[in-house]
Peer 1: 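Sharing a structure here in structure tokens format.
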Amino acid sequence: MNAPNAAHEPLDARDRPARLTVGVVGAGRVGPALAAALRLAGHRPVAVSGVSDASVRRAAALLPDVPIVTPAEVLARAELVLLTVPDDALPGLVEGLAETGAVRPGQLIVHTSGRYGTRVLEPALRAGALPLALHPAMTFTGTSVDVQRLAGCSFGVTAPQELRLAAEALVIEMGGEPEWVAEESRPLYHAALALGANHLVTLVAQSMELLRTAGVEAPDRMLGPLLGAALDNALRSGDAALTGPVARGDAGTVAAHVAELREHAPQAVAGYLAMARTTADRALAHGLLKPELAEDLLGVLADGCGIDGARTDRPGTDRPGTDRPGTDRPGTDGSGTDGSGTDGSGTDGDTGEDR
């Protein structure tokens, strides 16, 4: 098909040209990588906006020779616009661009937020744009390695029925696999990714710190094979892959862990106890933790200590098998969710202005 003329006449979604000019609003870790992937598929990045010095450097590295301009100018130059800004900034950005007349009829407006579907793009839709939500379920570094990691990466996709083929084509061109997510399910979908990916980074980093404190010279080398096997087993078998002292009901070992953490890393105690309670809950529910071993274990987990090292007593742990571990106890919902919106998506920029 021929590209649209310079007057940017409105295009029906079914008549989109095979190759598009691409603009990026928000040169964080995600936008330049996606634009670079689209360039490999034959599309043409023509403009990018970025605020911080890091964003400018990132855009120059991944999109060389692509001019850095204002967001309004990005929309003026591009047929396909990637809005890659933090979740909380997205609604205001879309509304502002629509109100100022920057959005053109027939323009593809794509955001990469996991939290939102296409409803957040309603102001752009009213201006005649074609809305898509394409969220890569991947953590991003802001370097060229991200483009390679897109190969086989799942994208959470939400799109109007008439644009499903266009959304699918764009994801496939970037090397990804589309996974359709309903509008109303986007927050839960995003929470699931954040729970798995963001918290994993925190747990691994904390584990490496503790190993260094214990005198291990190469904690990354020690953890690599172990965590790789644990992840593989979990993906294959789910809760059946649970191992360790909590799943076995080794209350003495867990008590020793808590005592050591109190002494050497009191800031890690709250997280350890929260995850241990959740693990016990799931292990008991799936028949891995024997009820007769649960009483002592629950006693250890109930008589833990808070993040400041103070001991606390939690009720509801004196009857194994009657109350599932982790329930009816204050403070059992864990701590430390980071709310960064990078959820397996690792998409926040260095200064927060771009994803």
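Below, each value reflects all heavy atoms present in this structure, side chains not excepted, and no hydrogens, waters or symmetry copies. The structure presented is a predicted model; accordingly, all values stated were derived computationally and were not measured.
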Peer 1: With the side chain counted from C-beta on, respond yes when Arg149 and Phe140 share a heavy-atom pair under 4.5 Å apart, and no when they do not.
Peer 2: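 A side-chain contact is absent here, since even the closest heavy-atom pair is not under 4.5 Å.
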Peer 1: Of all residues at least two apart in sequence or in a different chain, which pass the salt bridge (charged side-chain N to carboxylate O under 4.0 Å, His left out) check with Arg221?
Peer 2: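 With neighbours one apart ignored, the set is empty.
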Peer 1: Check whether Thr100 reaches the backbone of Leu97 with its side chain - one donor and one acceptor, N or O, closer than 3.5 Å.
Peer 2: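 Judged by distance alone, yes, a pair lies under 3.5 Å.
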Peer 1: For Val110 and Thr84, run side chain to side chain contact (heavy atoms under 4.5 Å, CB included): C-alpha distance rounded to whole Å, both residues' side-chain angles, the deciding distance at 0.1 Å, then the answer.
Peer 2: CA-CA 9 Å; Val110 179; Thr84 52; over 6 Å; no
Peer 1: Okay, side chain of Ser49, backbone of Gly26: is any donor-acceptor separation there less than 3.5 Å?
Peer 2: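 Judged by distance alone, yes, a pair lies under 3.5 Å.
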Peer 1: Where the side chain of Arg58 meets the backbone of Val30, is there a donor-acceptor pair that is under 3.5 Å apart?
Peer 2: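 No, Arg58 side chain to Val30 backbone: no donor-acceptor pair under 3.5 Å.
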Peer 1: After noting the C-alpha distance and the side-chain angles of Arg186 and Thr158, does the key distance pass the side chain to side chain contact (heavy atoms under 4.5 Å, CB included) rule?
Peer 2: CA-CA 9 Å; Arg186 294 288 290 208; Thr158 304; 2.9 Å; yes
Peer 1: Taking transitive links into account, so neighbours of neighbours count too, which hydrophobic residues share a cluster with Leu242 at under 4.5 Å side-chain distance?
Peer 2: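 For the cluster that includes Leu242, the remaining residues are Leu288.
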Peer 1: Looking at every non-hydrogen atom in both residues, tell me the closest pair between Tyr189 and Gly114 and how far apart they are.
Peer 2: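 Heavy atoms of Tyr189 and Gly114 come nearest at CD2-O, 3.7 Å.
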Peer 1: Side chain to side chain contact (heavy atoms under 4.5 Å, CB included) between Leu210 and Met208: does it pass, once the steps are laid out?
Peer 2: CA-CA 5 Å; Leu210 293 173; Met208 288 198 294; over 6 Å; no
Peer 1: To the nearest 0.5 Å, what is the distance between CG (Leu83) and NE2 (His111)?
Peer 2: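 Spacing of CG (Leu83) from NE2 (His111) equals 8.5 Å.
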Peer 1: So how far is it from Thr118 OG1 to Leu132 CG, rounded to the nearest 0.5 Å?
Peer 2: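 So the gap between those two atoms works out to 8.5 Å.
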Peer 1: Decide yes or no for Leu38 and Met174: does some side-chain heavy atom of the first lie under 4.5 Å from some side-chain heavy atom of the second?
Peer 2: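 Yes, their side chains come closer than 4.5 Å.
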Peer 1: Hey, what do you get for CD (Glu263) to OG1 (Thr213), rounding to the nearest 0.5 Å?
Peer 2: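 Taking CD in Glu263 and OG1 in Thr213, the distance rounds to 11.5 Å.
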Peer 1: Just by distance, do the side chain of His286 and the backbone of Arg282 share a donor-acceptor pair under 3.5 Å?
Peer 2: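 Yes.
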Peer 1: Minimum heavy-atom separation for Pro131 and Leu121, please, with both atom names.
Peer 2: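 Heavy atoms of Pro131 and Leu121 come nearest at CB-CD1, 3.7 Å.
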Peer 1: Please confirm whether the backbone N or O of Leu203 pairs with a side-chain atom of Ser207, one donor and one acceptor, at under 3.5 Å?
Peer 2: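 A pair under 3.5 Å: no.
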Peer 1: Just by modelled atom types, is the Asp146 backbone N or O under 3.5 Å from a matching donor or acceptor in the Arg29 side chain?
Peer 2: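 No, the answer is negative, given that no donor and acceptor are paired below the 3.5 Å cut-off.
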Peer 1: Answer yes or no: are there more than 12 heavy-atom neighbours, outside Leu200 itself, under 6.0 Å from its atom CG?
Peer 2: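 Counting other residues, nucleotides and ligands, CG of Leu200 exceeds 12 neighbours.
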Peer 1: To the nearest 0.5 Å, what is the distance between CG (Leu90) and OG (Ser113)?
Peer 2: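 The distance works out to 6.0 Å.
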Peer 1: Between Asp220 and Arg212, does the salt bridge (Lys or Arg N to Asp or Glu O under 4.0 Å) criterion hold? Intermediate values first, please.
Peer 2: CA-CA 10 Å; Asp220 54 342; Arg212 291 190 188 98; over 6 Å; no
Peer 1: With a 3.5 Å distance limit and no angle check, can you tell me whether Arg44 reaches the backbone of Leu20 through a side-chain donor-acceptor pair?
Peer 2: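 Checking the backbone N and O of Leu20 against the side chain of Arg44, no donor-acceptor pair under 3.5 Å is found.
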Peer 1: Is any side-chain heavy atom of Leu289 less than 4.5 Å from a side-chain heavy atom of Asp281?
Peer 2: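 No. Closest side-chain heavy atoms not under 4.5 Å.
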Peer 1: Looking only at the aromatic ring of each residue, does the gap between the centers of His135 and Phe155 stay below 6.0 angstrom?
Peer 2: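 No: the rings miss the under 6.0 Å criterion.
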Peer 1: Would you kindly say whether Thr21 and Arg77 are connected by a side-chain donor-acceptor distance under 3.5 Å?
Peer 2: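 No.
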Peer 1: So, does Arg104 use its side chain to make a donor-acceptor pair with the main chain of Leu75 at under 3.5 Å?
Peer 2: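 Yes, the answer is positive, given that a donor and an acceptor are paired below the 3.5 Å cut-off.
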Peer 1: Measuring from Leu130:CG to Glu79:CD, what's the distance to the nearest 0.5 Å?
Peer 2: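 So the gap between those two atoms works out to 11.5 Å.
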Peer 1: Would one find more than 12 heavy atoms of other residues, nucleotides or ligands at under 6.0 Å from atom CD of Glu179?
Peer 2: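 No.
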Peer 1: Taking the side chain as every heavy atom from C-beta outward, state whether Pro32 and Val66 have any atom pair closer than 4.5 Å.
Peer 2: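 No - every pair of side-chain heavy atoms lies 4.5 Å or more apart.
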Peer 1: Set out, in order, the CA-CA distance, both residues' side-chain angles and the distance that settles side chain to side chain contact (heavy atoms under 4.5 Å, CB included) for Arg277 and Leu273, then state yes or no.
Peer 2: CA-CA 6 Å; Arg277 293 185 196 107; Leu273 290 173; 3.7 Å; yes
Peer 1: In Å and rounded to the nearest 0.5 Å, what is the CG to CE distance from Leu211 to Met222?
Peer 2: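 Rounded to the nearest 0.5 Å, the CG-CE separation comes out at 6.0 Å.
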Peer 1: How about Asp296 and Val300: do any of their side-chain heavy atoms sit closer than 4.5 Å?
Peer 2: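 SC-SC contact between Asp296 and Val300 ruled out.
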Peer 1: Contact between Pro67 and Val48 at the side-chain level, heavy atoms closer than 4.5 Å - yes or no?
Peer 2: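 Counting from C-beta outward, Pro67 and Val48 never come under 4.5 Å.
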Peer 1: Are Val24 and Val46 grouped together when hydrophobic residues (ILVMFWY) are joined by side-chain heavy atoms under 4.5 angstrom apart?
Peer 2: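 Different clusters.
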Peer 1: Among all residues two or more places apart in sequence or in another chain, which pass the side-chain contact (heavy atoms from CB on, under 4.5 Å) test with Ala259?
Peer 2: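 Expected list: none.
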Peer 1: Looking just at side-chain N and O atoms, do Tyr272 and His257 make a donor-acceptor pair shorter than 3.5 Å?
Peer 2: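 Short answer, yes.
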Peer 1: Working note: Glu173 + Arg39, criterion salt bridge (Lys or Arg N to Asp or Glu O under 4.0 Å); need CA distance, chi angles, decisive distance, verdict.
Peer 2: CA-CA 10 Å; Glu173 285 187 322; Arg39 169 180 271 170; over 6 Å; no
Peer 1: Any donor-acceptor pair under 3.5 Å linking the side chain of Asn233 with the backbone of Ala229?
Peer 2: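 Side chain of Asn233 to backbone of Ala229, a donor-acceptor pair under 3.5 Å: yes, one is there.
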Peer 1: Taking the side chain from Ser52 and the backbone from Ser55, do they hold a donor-acceptor pair closer than 3.5 Å?
Peer 2: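 Confirmed, Ser52 side chain pairs with Ser55 backbone.
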